[in-house]
There are 2 protein chains.
Amino acid sequence: MTAPTLDELSLLHANICQALGDPKRIQILYALYEQPLHVTALADYLDTPQPTISRHLRVLRQRALVTTERNGAAVVYRLTDERMIAVLETMRKILRDSLSRQSNVLNIM
Amino acid sequence: MTAPTLDELSLLHANICQALGDPKRIQILYALYEQPLHVTALADYLDTPQPTISRHLRVLRQRALVTTERNGAAVVYRLTDERMIAVLETMRKILRDSLSRQSNVLNIM
DNA sequence: TCCATGTATTCGTTTATCCGAATACATCAA
DNA sequence: TTGATGTATTCGGATAAACGAATACATGGA
């Protein structure tokens, strides 16, 4: 297994970012930062249908952002690397600064 | 303009991440980190058609990840906030660690 | 004004993403 | 084995993103 080329690295990198590019998945990561949770608990916590949560978790799992551990019939999800939360927090700082500079970023929605 | 709710913040946050979720845009940000560039120079540097670069830049500009400055007929793009590169670098560290973990698993099997 | 250079947009198509609804699959206990 | 609980997947339709090709638009100089 050789080191990835710059293009391959950019592709992997973009894949990670793309997994972060959904508000529900952002919320899932923050929830799992508080504590590991199984699927139904997450679904309840985020007031979201279980299949929807399960699909989002699959995306995060495929990118290795979360890991799983079976506990009876339940599957407990946890963050793979808490540094990812630090990353998200820095992004939020940048975002807040950006918002205070130009308050019309909301228009992109 | 009031502070965003948690849901609104997650949405904005995800929008930023989604803008990062394309390998070409990752490459653009790293290129602009080296130095500000105008569109054609960027297109040449990344060996990519100018309209493609222009569309990617629009996405980054809408999310306030890059800013523009006109220089005659040319439009020079630059990073809005270099902290975003620090964010990307941390993500790459996490990604590399993730890859090496997977490699270990593959070696065992 | 006309031309050359540089940038942005539109069009059409393809591909990807997202969700609700339904259902299949997995695990454990009785 | 059956039922209860928990998880994952499939299907179908709607929405969004991506690209090549063509072209419109902007700027400055002759």
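First the proteins, then the strands, lettered A, B, ... as listed; each starts at 1. The model shown is predicted, which means the values in this text are computed figures rather than measured ones.
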Looking at [X], I'd like to know whether one of its side-chain N or O atoms comes within less than 4.0 Å of OP1 or OP2 on [N].
{"X": "B:Arg55", "N": "D:dA18", "result": "no"}
{"X": "B:Gln18", "N": "D:dA17", "result": "yes"}
{"X": "B:His56", "N": "D:dC19", "result": "yes"}
{"X": "B:Tyr77", "N": "C:dA8", "result": "yes"}

Within this structure, what is the [atom1]-to-[atom2] distance between [X] and [N], rounded to whole angstrom?
{"X": "A:Ile53", "N": "C:dA21", "atom1": "CD1", "atom2": "C1'", "value": "16 Å"}
{"X": "B:Arg63", "N": "D:dA16", "atom1": "CZ", "atom2": "P", "value": "12 Å"}
{"X": "A:Leu37", "N": "D:dT7", "atom1": "CG", "atom2": "C1'", "value": "15 Å"}
{"X": "A:Asp44", "N": "D:dG6", "atom1": "CG", "atom2": "P", "value": "9 Å"}
{"X": "B:Arg70", "N": "C:dA8", "atom1": "CZ", "atom2": "C1'", "value": "10 Å"}
{"X": "B:Asn15", "N": "D:dA17", "atom1": "CG", "atom2": "P", "value": "8 Å"}
{"X": "B:Gln62", "N": "D:dA18", "atom1": "CD", "atom2": "P", "value": "11 Å"}
{"X": "B:Glu69", "N": "C:dT7", "atom1": "CD", "atom2": "P", "value": "13 Å"}

(request) Using atom types as modelled and distance alone, determine if a side-chain donor or acceptor of A:Ser10 lies under 3.5 Å from a backbone N or O of A:Leu6. (result) yes
(request) Look only at the side chain of B:Thr90 and the backbone of B:Ala86, and say whether a donor-acceptor pair between them is shorter than 3.5 Å. (result) yes
What is the nucleic acid contact for [X], judged by heavy atoms within less than 4.0 Å: base, sugar-phosphate only, or nothing?
{"X": "B:Pro51", "result": "base"}
{"X": "B:Thr40", "result": "sugar-phosphate"}
{"X": "B:Thr52", "result": "sugar-phosphate"}

(message) For B:Tyr30, does the six-membered ring have the charged nitrogen or CZ of B:Arg92 within the cation-pi criterion, i.e. under 6.0 angstrom from the centroid and within 45° of the normal?
(response) yes
Look at the side chain of [X] and decide which nucleotide, out of [options], has an atom nearest to it.
{"X": "B:Ala74", "options": "C:dG6, D:dA8, D:dG6", "answer": "C:dG6"}
{"X": "B:Ser54", "options": "D:dT7, C:dA8, C:dG20", "answer": "C:dA8"}
{"X": "A:Val39", "options": "D:dA8, D:dC19, D:dG6", "answer": "D:dA8"}
{"X": "A:Arg58", "options": "C:dT7, D:dG20, D:dT9", "answer": "D:dT9"}

(message) Is there a salt bridge (Lys or Arg N to Asp or Glu O under 4.0 Å) between A:Lys24 and A:Asp22? Walk through the geometry before answering.
(response) CA-CA 6 Å; A:Lys24 201 64 81 177; A:Asp22 181 283; over 6 Å; no
(request) State whether a side-chain donor-acceptor pair under 3.5 Å links B:Gln35 with B:Arg78. (result) no
(request) For A:Val59 and for B:Val75, locate the closest nucleotide of DNA chain C by heavy-atom distance; then report the residue assigned to the nucleotide nearer the 5' terminus. (result) B:Val75
